Amino acid sequence: MSKKFKEYNGLNLPELAEDILTFWKDEKIFEKSISIREGAEPFVFFEGPPSANGLPGIHHVMARAIKDIFCRYKTQKGYKVDRKAGWDTHGLPIELGVEKELGITKEDIGKKISVEAYNEACKKAVMRYTDVWNKVTESYGYWVDMDDPYITYKSKYMETVWWILRQIWDKDLLYKGYTIQPYSPKAGTGLSSHELNQPGTYQDVTDTTVVAQFKAEINTLPGFLNSYGDVHFLAWTTTPWTLPSNTALTVGPKIDYVLVKTFNQYTFEPVNVILAKNLVGYQFSGKYEEVEAIEALDTYEEGAKKIPYYILKDFKGAALEGIRYEQLLPYALPNDNPENAFRVITGDFVTTEDGTGIVHTAPTFGADDAKVAKEATPEVPPLLVKDENDNLVPLVDLQGRFRPEMGEFAGKYVKNEYYDDGDAPEKSVDVELAIKLKTENKAFKVEKYVHSYPNCWRTDKPILYYPLDSWFIKVTEFKDRMFQLNQTINWKPKATGEGRFGNWLANANDWNLSRSRYWGIPLPIWRTEDGKEAKCIGSIEELEAEMQRSVDAGFMEKVLFEDFVIGDYSEENYEKADLHKNIVDEIILVSDTGQPMKREADLIDVWFDSGSMPYAQWHYPFENKEKVEKTWRKADFIAEGVDQTRGWFYTLHAIATMLFDDVAYKNVVSNGLVLDKDGQKMSKRLGNAVDPFETLKMYGPDATRWYMISNANPWDNLKFDSDGIAEVRNKFFGTLYNTYSFFSLYANLDEFDYSEEDIKLERRPEIDRWILSELHTLVQKVDEAYADYEPTRAARAISLFVQENLSNWFVRLSRRRFWKGSYGEDKISAYQTLYSCLEVVTRLGAPIAPFFMDRMYKDLTAGVVKKGQESVHLSNFPVADASYVDKELEEKMHRAQTISSLVLSLRQREKIKVRQPLQKIMIPVLDASEKSAIEAVSDLIKSEVNVKEIELIDEGSGILVKQIKPNFKKLGPHFGKDMKAVAQVIMNFGQEEIAQLEKDGEISVIINEKNTTLTIDDVLISSQDIEGWLVANADGITVALDVTITPKLKKEGIARELVNRIQNIRKDSGFEVTDRVDITIQDDAELQPAVAENLDYIKQETLTEVLQFESEVVNGTEIAFDEVATRLRIKKH
RNA sequence: GCGCGUGUAGCUCAGGUGGUUAGAGCGCUGCACUGAUAAUGCAGAGGUCCCAAGUUCAAGUCUUGGCAUGCGCACCA
């Protein structure tokens, strides 16, 4: 007999996946899944490029599973889903990796190693792990076209990025400006926040701190302050070297401040000082002493142990706004609008945790300071002065030294750590400044203070916050538009889009594009020395033309990339024009007025690279212009980790908004983190990182993917526990595999191949119609879940169907139909039904478990007349047919399950095993419809719980004990406060009241001394009990069980036990399912009458021809149950 | 510190618009089943639904405030 349906000896998921992978490769299934949809509507997916510089982790598997699921789903839905892979190749991590490898530092670049060689090394390093990435991609079944990926360091890609920047330039959204950035004077470079977050960067240091006294200009004091003579503001700083650059004091508008009269501890002069009320105790600790009366101050003598202080007045910070004060250290004035400097402004960031509640504000050296100064009206100018070249510079130069304007401090490093070893003076400028302030009655307090401060991770010297020149995109100009557009994007989860991303957009700052690096896309901006003329280059063609002009003007000897052919878009041609820093820095262009122009030295933020991918991956607009504009401009779907909210999600959105005034993606899934099973972040350091290849080897890709998707929503963090994968493997895949095995075993025996016409639905038995109804409900549910980007819901619904409905109920109850009786309509219906369920499940589950489902789909469709597709991934997604759905039937079956469960629990309680037949169960029913509903499934219940009859009892029987409960939902709104009393009254109803209520439909009661009428709808009545019977109830259903075991029933029970034993022996003896046998049993008083009475049944069940008793059966198999103990022998007939 | 999440059984998670027995799976205990069997079924034990206050006749569910935890941002006189 040829086996149409493949049978297996066990489930090996990893092996199965490898076979299917080979099949996919050999038959080019991925390619076909796209080519068969040629001409169909495209579903656009963008791949967020990973960096191949690091090894893939299990979280990448998670992210890629999500991407893959929806692309496969949409393919099955008939879309054409092109999936172009990509690689992110630029950026700091790559530079750092290379430097570590070569044993060099950034200072060595251009000295020990040429920029060219350095970049070459980066280029090599970045693709180092591509093989591993390709392997993980392939073996976990992530379908993406890796043969033609976009690579960000390729000239074509870079050219598009230049073109984009040129568009932004033309829209006047690019500018050069100052921003306060972490800066390492020793290394001469700005540091990124990434570099600042390196471990060990922040260290505890001891600094000299000063609480300075800023003297208010009396004529600007408000009325409530102008009668006390001189008034000083107290402001604290841990960086006294920034005090000469102070241009404002910031107070919290809602903070309470006080004016305090006291004496300066260094000069002993009487002073009035202002500080936050909360911090009086902190600043006036130690030798200070509060006095109750102002007169007490008069007794103070210079040098006395205790310094008295007296609080004169309190007020809100807002009242101080606008007061002007004398410059503390008048070495230089701000170049711009000095008249707006040296006044009190307000800022919400001010706290009273330490210091004085008044913040010394130096906009040139603090990011917050710069921000609050800029926001003040009028703007507070930063302390910038003109240098020798008329450029505006701060009072500290790029080496970290005070400028000449600083008098006696000129030329000194602001931190002693910046001096070469041994050259540092004894007193740092902080200390010297403190002394100077003390003597000038400008220091209220000077002390050492320990705090954490960042050091440059390369030079190990303190960093400075320093204003640096950078190129910015004026995001603030279009952030409102970005916010609006964002509201049209479907975010999963919603909160990330509305909250995290929305807030981020609402508060977006200008985008700092500049990076002082080597390996990246250079800014295509050339400027004249004075910065007055600039050009932004948007293509190689344009660059060539500009170079030609430069050659003509005599600034360059020859045009670079001479043999580059404009308009030739071949790879070979583009390899001739490398646009990296080492090349383009050589280029000098000529301005419109004939001045030489040099390239701005910085590179472009790598996030700009990846945000450009929708266009750059197609070399737009140089190639594929129409393709991009028509379809590829925006993605239907993207997915990455939440950490990309401010990264890729943002840059895509910003660039699309600027370029096209549109979104870059319509649906976005931002997935959470993958943690270890204890909820700890995975890291190499802790050794709890999960190797995707080990997991793959152990469980295979399908169980891993199914586990990750079904266990938690993608946007929740996943606590990754491989025990969970094992569970999924056993419970879900094991059950599905078993169900298939069951099907194939009998289908092969019966040579079922679906060659018959479909049995009409109305001719199929209840159970078939039920499972088909459940199946179509499932299709509907799963389709909706996928369409709504809810893979977890889809996976859970499929699992539930397979495990509970299909395996545990349909197959279990239908088993006999497959192996009993002839190949007739009922049997064919059973096969058709089970086949349909399995086949549909493979198509529903294919996006999540692509290997397993393909295997099963292929095995199923290979065995039937009507062949399927070559692969499940080339099939169409099932369509839910509402005509199959019968909610009432589903409800009935649910009731049957509840009833069965109740009966089984009663049996359990009475210790009566299921094999012992019982006579009857009784179920109270309230009305005719309930009655017929149970009757429809009564056969199923009877066979499931092994009882002979079901008696449905209604009103008339008079044996029901009813229970009544208030219908809170109905009564609540009506009775309100009296609800409790009403509930009490109803609960106290006896059988009589219930009967009356049922008869009349209403009953009058007294609630809180008021007469009221309750109707039948106000309560819920259920039959909870039957007098004198063993009952159980759940979900409003009550079941009573007749536990009497008559001699006849007892004999039947024995017969069933015997059948069971015979079946076991048959199986153990290795008989075929179809073998006919003869049985000899040793005499047994208990057994013989039972056999006699059930002979036909026994023979039929066990395919026995001759069954006889003998007084002695030698070599028989011993059997024993209940009171039976005997031997029997089975042989083939 | 700010922003966004999360907090339900030992573990992993469900619990439309508030309604009175808070569920599932795993694990645990017991019992069954055994021609789907590296399975399976049933039952049982196990919960101050993070805490507190509030709104309400009624709160796991709504409001406010805490606590814990995760992520992102900011690094601050």
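Chain letters run A, B, ... following the sequence lines, proteins first and then strands; every chain starts at 1. Remember, predicted model here, so these are calculated numbers, not experimental data.
The separation of B:rG60 from B:rG23, taken at their C1' atoms, amounts to 12 Å, rounded to a whole angstrom. Nucleotides B:rU17 and B:rC13 place their C1' atoms 23 Å apart, quoted to the nearest Å. The gap from the P atom of B:rA52 to that of B:rG5 amounts to 24 Å, rounded to the nearest Å. Distance noted for atom P between B:rG65 and B:rA22: 31 Å (whole Å). Distance noted for atom P between B:rG47 and B:rC11: 13 Å (whole Å). Going from the C1' atom of B:rU21 to that of B:rG15 covers 15 Å, rounded to whole Å. Nucleotides B:rA59 and B:rC49 have their P atoms positioned 12 Å apart, rounded to a whole Å. Rounded to whole Å, the P atom of B:rA9 lies 36 Å from the corresponding atom of B:rA74.
Of the candidate nucleotides B:rU37, B:rC26, B:rG19, B:rG19 has the atom lying nearest to any side-chain atom of A:Phe968. Among B:rA36, B:rC13, B:rC26, the nucleotide with an atom closest to any side-chain atom of A:Arg815 is B:rA36. Among the nucleotides B:rA14, B:rA36, B:rA39, the one closest to the side chain of A:Asp716 is B:rA14. Minimum atom distance to the side chain of A:Asn711 is reached by B:rU12, of the listed B:rG41, B:rU12, B:rG70. Candidate nucleotides B:rC42, B:rC26, B:rC13 were compared by shortest atom distance to the side chain of A:Asn808, and B:rC42 ranks first.
Separating the CD1 atom of A:Ile725 from the C1' atom of B:rU12 is a distance of 13 Å, rounded to the nearest angstrom. Taking atom CG on A:Asn503 and atom P on B:rC2, their separation rounds to 15 Å, with Å as the unit. Rounded to an integer number of Å, the gap from A:Asn717 CG to B:rG72 C1' is 12 Å. Remark: C1' of B:rA74 and CG of A:Asp369 are 14 Å apart, rounded to the nearest angstrom.
Under a 4.0 Å N-O distance rule, the pair A:Lys781/A:Glu790 does not qualify as a salt bridge.
Contacts of A:Thr237 with the nucleic acid, taken as non-hydrogen atoms under 4.0 Å apart, involve only primed sugar atoms and P, OP1 or OP2. A:Tyr746 comes within 4.0 angstrom of sugar-phosphate atoms only, judged by non-hydrogen atoms across all strands, and of no base. Using a 4.0 Å heavy-atom distance criterion, A:Glu727 is classed as a sugar-phosphate-only contact. Using a 4.0 Å heavy-atom criterion, one finds that A:Asn738 contacts the bases of the nucleic acid, with or without backbone contacts as well. Using a 4.0 Å heavy-atom distance criterion, A:Asp723 is classed as making no nucleic acid contact. As judged by a 4.0 angstrom heavy-atom cut-off over every strand, A:Thr242 is placed among residues making no nucleic acid contact.
Aromatic ring pairs are classed by plane angle as parallel below 30°, tilted from 30° to 60° and perpendicular above 60°; the pair A:Phe365 and A:Tyr466 is tilted. Ring geometry, A:His360 versus A:Phe214: the interplanar angle falls under 30°, so the pair is classed parallel (tilted spans 30 to 60°). Relative ring orientation between A:Phe501 and A:Tyr650 is described as perpendicular, the plane-to-plane angle rising above 60° on a 0-90° scale split at 30° and 60°.
As the counterpart of B:rC31, B:rG41 is assigned, both hydrogen-bonding distances of the Watson-Crick or G-U wobble pattern falling under 3.5 Å. Base pairing annotation: B:rA52 forms a Watson-Crick or G-U wobble pair with B:rU64, both donor-acceptor distances under 3.5 Å. Base pairing of B:rU17: no nucleotide in any strand meets the Watson-Crick or G-U wobble criterion (both distances under 3.5 Å). In this entry B:rA22 has no Watson-Crick or G-U wobble partner, no candidate having both defining distances under 3.5 Å. The partner of B:rG3 is B:rC71, by the rule that a Watson-Crick or G-U pair needs both atom distances under 3.5 Å. Across every strand in view, B:rC76 sits unpaired, with no contact that passes the Watson-Crick or G-U test at under 3.5 angstrom. Summarising the base pairing, B:rG46 is matched to no nucleotide, lacking a Watson-Crick or G-U wobble pair whose two defining distances lie under 3.5 Å.
Between the side chain of A:Thr735 and the base of B:rA39 there is no donor-acceptor pair of N/O atoms closer than 3.5 Å.
To the nearest 0.5 Å, atom OG1 of residue A:Thr247 and atom CG of residue A:Leu328 are 12.5 Å apart. Taking CZ of A:Phe801 as the start and SG of A:Cys837 as the end, the distance is 4.0 Å to the nearest 0.5 Å. Rounded to the nearest 0.5 angstrom, A:Arg815 CZ and A:Tyr746 OH are separated by 8.5 Å.
With sequence neighbours left out, A:Phe810 forms a ring pair (Phe, Tyr, Trp, His ring centres under 6.0 Å) with no residue at all.
Taking side-chain N and O atoms only, A:Lys731 has a distance below 4.0 Å to OP1 or OP2 of B:rC26. Applying the 4.0 Å criterion to OP1 and OP2 of B:rC76, one finds that A:Tyr465 has a side-chain N or O inside that range. Between A:Asn713 and B:rA14 there is a side-chain N or O to OP1 or OP2 distance below 4.0 Å.
Ring centroids of A:Phe720 and A:Tyr707 are separated by less than 6.0 Å, placing the two rings close together. If you look at A:Phe649 and A:Trp491, their ring centroids are closer than 6.0 Å.
Looking at residues 791-806 of chain A, you'll see A:Arg796 sit with a heavy atom under 4.0 Å from some atom of RNA chain B.
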